[in-house]
Chemist: 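I'd like to ask you about the structure that follows.
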Amino acid sequence: KDRVALVTGASAGIGAAVARALVQNGMKVVGCARNVDKIEKLSAECQSAGYPGTLIPYKCDVSNEEEILSMFSAIKTLHQGVDVCINNAGLARPEPLLSGKTEGWRTMIDVNVLAVSICTREAYQSMKERNVDDGHIININSMSGHRVLPSSISHFYSATKFAVTALTEGLRQELREEKSRIRATSISPGLVETEFAFKLFDKDPEKAAATYESIKCLKGEDIANSVIYVLSAPPHVQIGDIHMRPTEQVS
Ligand code: NJP
């Protein structure tokens, strides 16, 4: 039977690279995002490359709980359920603590924290009802989830990623209390060259470009390789967190 993986935020950057790598490894991947047309394009690319798995695009705004619940219900109807859940969708807004807009903070909480928690709960329930004992929940965290950089625009984002660190370890503990063999892992990258900084500095694309030109950054594929490594670890190995920075990154 095909293993089914859900990748949130599969339309760009790290999520697209992870979805591609999982399809290359023969999995049935449901990729979700708002810009579903980009996932449709990636799916066609995977198909014409002759990869052994499939990528199924699904339009979902993960800041809306009802949309997440409908997606899990559709996955159950069409593909039985989820065996692997990659919580990747995430964003940063340039809203400092002393002057930022509540709306920007709320968007970061909704996507970076609440959506991760809702997808985790739904993925666990899906695995539990089908007695999946090799399930895996992987959170794409950040080095910002482990230390606070002296940069006011990143402080609230950092707080949401500290939450992801706590959620991943809390999940691991709850799974052990339930005597479940499902594993929980966080992958924490430093600077990765994606559209992320262009969305953060939407009014100043030159600043975003300069960020990515300042050092040789990680690529989405580097994170995807870590996901494949985590999934291929033998059942008795529980990888808690992978920290990975570009070699040239100082902070
Ligand atoms: O960012 P980007 P990355 N509903 O902007 C989706 C973490 N990270 O790949 O809906 C559904 O290229 C969005 O889809 P769309 C970061 O915190 C990054 O770099 O179509 N999906 C797109 O597919 C995040 O957790 C760096 O706009 C939503 C994807 O998220 C993860 O890596 C460093 C959504 C974002 O693609 C992926 O970020 C680090 C919603 N409401 C951690 N909102 C880095 N790049 O340097 C967004 O430490 N998405």
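Heavy atoms only: backbone and side chains are in, while hydrogens, waters and symmetry mates are out. Residue indices begin at 1 and follow the sequence shown. Ligands are counted one by one from 1 in listed order, and the atoms in each one are counted from 1 as well.
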Chemist: Would you say the side-chain atoms of N139 and S186 include a donor-acceptor pair closer than 3.5 Å?
Modeler: no
Chemist: I'd like to know if K161 contacts ligand 1, where contact means a heavy-atom distance under 4.0 Å to any ligand atom.
Modeler: yes
Chemist: Check N112 against ligand 1 and report side chain, backbone, both or neither, counting heavy atoms closer than 4.0 Å.
Modeler: neither
Chemist: What's the shortest heavy-atom distance between E67 and D61, and which atoms?
Modeler: OE1-N, 2.7 Å
Chemist: Please name the pair of heavy atoms, one in R121 and one in L69, separated by the smallest distance, quoted to 0.1 Å.
Modeler: NH2-CD2, 4.2 Å
Chemist: Quick one: NZ on K28 to CG on L55, what's the gap to the nearest 0.5 Å?
Modeler: 12.5 Å
Chemist: Salt bridge check: are R106 and E103 linked by an N-O gap of less than 4.0 Å?
Modeler: no
Chemist: So which protein heavy atom does atom 46 (O) of ligand 1 come closest to, and at what separation?
Modeler: V192 N, 2.9 Å
Chemist: Pairs of nitrogen or oxygen atoms closer than 3.5 Å, one from A33 and one from ligand 1: do any exist?
Modeler: no
Chemist: Considering only protein heavy atoms, which is closest to atom 4 (N) of ligand 1, and at what distance to one decimal place?
Modeler: V62 N, 2.9 Å
Chemist: Mark the output for D61 as yes if a heavy-atom distance to ligand 1 is under 4.0 Å, and as no if none is.
Modeler: yes
Chemist: Around atom 18 (C) of ligand 1, find the nearest protein heavy atom and jot down its residue, atom name and distance.
Modeler: I14 CD1, 3.9 Å
Chemist: I'd like to check whether L91 has a polar contact with ligand 1, where a contact means an N/O of the residue lying under 3.5 Å from an N/O of the ligand.
Modeler: no
Chemist: Mind checking the SG-NZ spacing from C46 to K41? Nearest 0.5 Å is all I need.
Modeler: 11.5 Å
Chemist: For Y124 and I137, which heavy atoms make the closest approach, and how far apart are they?
Modeler: N-CD1, 4.4 Å
Chemist: Check contact between Y157 and ligand 1, using heavy atoms of the residue and a distance below 4.0 angstrom.
Modeler: yes
Chemist: Which option, V18, N88, N141, V116, owns the non-hydrogen atom nearest atom 7 (C) of ligand 1?
Modeler: N141
Chemist: When you measure from atom 3 (P) of ligand 1 to every protein heavy atom, which one gives the shortest distance, and what is it?
Modeler: T194 OG1, 3.6 Å
Chemist: Enumerate the atoms of ligand 1 whose separation from the nearest heavy atom of G13 is less than 4.0 angstrom.
Modeler: 9 (O), 12 (O)
Chemist: Salt bridge check, R20 against E45: does any charged N sit closer than 4.0 Å to a carboxylate O?
Modeler: yes
Chemist: With a 4.0 Å cut-off on heavy atoms, is I223 touching ligand 1?
Modeler: no
Chemist: Identify, for atom 36 (O) of ligand 1, the protein heavy atom at the shortest distance, and state residue, atom and that distance.
Modeler: K199 NZ, 3.7 Å
Chemist: Picking from T8, T120, N112, what satisfies side-chain hydrogen bond (donor to acceptor under 3.5 Å, both in side chains) with N87?
Modeler: T120
Chemist: Between ligand 1 and N35, is the shortest N or O to N or O distance under 3.5 Å?
Modeler: yes
Chemist: Before you tell me yes or no, could you show the steps for E169 and Q173 under side chain to side chain donor-acceptor pair (under 3.5 Å), namely the whole-Å CA-CA distance, both residues' side-chain angles and the distance that decides it to 0.1 Å?
Modeler: CA-CA 6 Å; E169 172 57 13; Q173 292 182 19; 2.9 Å; yes
Chemist: Looking only at N/O atoms, are C32 and ligand 1 under 3.5 Å apart anywhere?
Modeler: no
Chemist: If hydrogens are left out, which of S11, C60, G9 has an atom nearest to atom 11 (C) of ligand 1, that is, the closest non-hydrogen atom?
Modeler: C60
Chemist: Within the 4.0 Å heavy-atom shell around G190, which atoms of ligand 1 are there?
Modeler: 33 (C), 39 (C), 46 (O), 48 (O)
Chemist: Report, in ascending order of atom number, the atoms of ligand 1 lying under 4.0 Å from any heavy atom of S142.
Modeler: 39 (C), 42 (C), 48 (O)
Chemist: Can you classify the ring geometry of F198 versus Y212 as parallel (below 30°), tilted (30 to 60°) or perpendicular (above 60°)?
Modeler: tilted
Chemist: Quick check: does P189 get an N/O under 3.5 Å from an N/O on ligand 1?
Modeler: yes
Chemist: Side chains of T165 and N141 only: does a donor on one sit below 3.5 Å from an acceptor on the other?
Modeler: yes
Chemist: If I apply the N/O under 3.5 Å rule, does L191 come out as touching ligand 1?
Modeler: no
